[in-house]
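Structure record follows, encoded as structure tokens.
Labels below follow one simple rule: chain letters A, B, ... track the order of the sequence lines, proteins then strands, and each chain is numbered from 1.
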Amino acid sequence: MEGQYGWGTFEDGWRKGPWTPQEDKLLTEHVKLHGEGRWNCVSRLTGLKRSGKSCRLRWVNYLRPDLKRGKITPHEETIILELHAKWRIRWSTIARSHPGRTDNEIKNYWRTHFKKGKMTKNIERARANFLKQQ
DNA sequence: AAGACAAGCAACCGCAGCGGA
DNA sequence: CTCCGCTGCGGTTGCTTGTCT
């Protein structure tokens with residue numbers, strides 16, 4: 001298995017950096033077999049040299065079968081704006097209310113599209129709409 | 001064609017909360 | 001009650017890709 005890890009490095013016995021298709025496969029099979037959770041056991045059970053933290057992140061943000069992937073549509077953007085008006089920076093809560101998208105994805109989208117003063121009017125409008133519905 | 005810069009995104013880090021021993 | 005390990009969350013970093021000059 002040596003030599004196929006790209007630039008990933010080892011630290012304290014754990015591998016870090018980008019995931020390989022082999023690692024993805026191992027993790028996917030593990031979740032299929034044992035379900036989500038018990039992330040700290042994944043390395044022991046599968047032989048993956050990844051921390052539980054890293055495994056959970058990879059699964060939640062990339063491997064989950066119900067993920068939509070692809071670009072965020074204007075409709076989804078509106079939903080995100082409204083949810084943000086409601087929950088502010090509770091990304092995980094927003095993600096749960098918006099199936100198919102991850103908190104990391106929403107957070108990244110927000111930071112690149114809205115944060116730097118861009119589309120402030122839209123954000124305000126969404127917040128006003130939300131408050132009106134209260 | 002090539003270098004500089006910006007945007008997008010995957011992944012890591014530190015911390016807090018929770019539950020079991 | 002306290003300690004410790006595990007999980008989840010929000011913030012941040014840095015690599016990759018696209019665009020501009």
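- For A/Glu29, there are no side chain to side chain donor-acceptor pair (under 3.5 Å) partners two or more places apart in sequence or in a different chain.
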Can you list, pair by pair, the side-chain donor-acceptor contacts under 3.5 Å of residues 36-45 of chain A, counting residues two or more places apart and other chains?
unit_1: A/Glu36; atom_1: OE2; unit_2: A/Trp59; atom_2: NE1; d: 3.2

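- Considering only residues two or more places apart in sequence or on other chains, A/His30 meets the ring-ring contact (aromatic ring centres under 6.0 Å, His included) condition with A/His34.
- If you measure from atom CH2 of A/Trp19 to atom C1' of C/dT16, you get 20 Å, rounded to the nearest angstrom.
- Within the 4.0 angstrom heavy-atom criterion, only backbone atoms of the sugar-phosphate kind lie near A/Arg96; the bases stay farther away.
- Residue A/Tyr109 comes nearest to A/Glu77 through the heavy atom pair OH-OE1, 2.6 Å, listed as atom of the first residue, atom of the second, then distance.
- Across all strands shown, A/Asn104 has heavy atoms under 4.0 Å from base atoms, whether or not it also approaches the sugar-phosphate.
- Counting only heavy atoms from C-beta on, A/Ile89 has its side chain closest to C/dG10 among B/dG8, B/dA11, C/dG10.
- Checking the phosphate oxygens (OP1, OP2) of C/dT12, a side-chain nitrogen or oxygen of A/Arg111 falls inside 4.0 Å.
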For nucleotides 13-16 of chain B, which of its nitrogen or oxygen atoms have a protein nitrogen or oxygen under 3.5 Å away, and what is each distance?
unit_1: B/dC13; atom_1: OP1; unit_2: A/Lys16; atom_2: NZ; d: 2.5
unit_1: B/dG14; atom_1: N7; unit_2: A/Lys53; atom_2: NZ; d: 2.8
unit_1: B/dG14; atom_1: O6; unit_2: A/Lys53; atom_2: NZ; d: 2.8
unit_1: B/dC15; atom_1: N4; unit_2: A/Lys53; atom_2: NZ; d: 3.4

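- Regarding contacts with the backbone of C/dG10, a side-chain N or O of A/Ser92 is found under 4.0 angstrom from either OP1 or OP2.
- In plain terms, the two heavy atoms of A/Lys68 and A/Pro99 that are nearest each other are CE-O, 4.0 Å.
- Side-chain contact between A/Ser92 and A/Arg96: present, with at least one pair of heavy atoms (C-beta onward) separated by less than 4.5 Å.
- Among residues at least two apart or in separate chains, salt bridge (Lys or Arg N to Asp or Glu O under 4.0 Å) pairs with a member in residues 53-64 of chain A are A/Asp24-A/Arg58, A/Arg64-A/Asp66.
- The side chain to side chain contact (heavy atoms under 4.5 Å, CB included) search around A/Thr102 returns A/Asn61, A/Leu67, A/Asn104, A/Glu105, not counting sequence neighbours.
- For the OP1/OP2 pair of B/dA10 and a distance below 4.0 Å, the side-chain nitrogens and oxygens of A/Arg58 include no atom meeting the criterion.
- Between the side chain of A/Asn61 and the base of B/dA11 there is no donor-acceptor pair of N/O atoms closer than 3.5 Å.
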Would you tabulate the pairs of protein nitrogen or oxygen atoms and nucleotide nitrogen or oxygen atoms of nucleotides 3-6 of chain C closer than 3.5 angstrom?
unit_1: C/dC6; atom_1: OP1; unit_2: A/Asn40; atom_2: ND2; d: 3.3
unit_1: C/dC6; atom_1: OP2; unit_2: A/Asn40; atom_2: ND2; d: 2.8
unit_1: C/dC6; atom_1: O5'; unit_2: A/Asn40; atom_2: ND2; d: 3.2

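- Taking 4.5 Å as the limit, every side-chain heavy atom of A/Leu27 sits out of range of all side-chain heavy atoms of A/Glu23.
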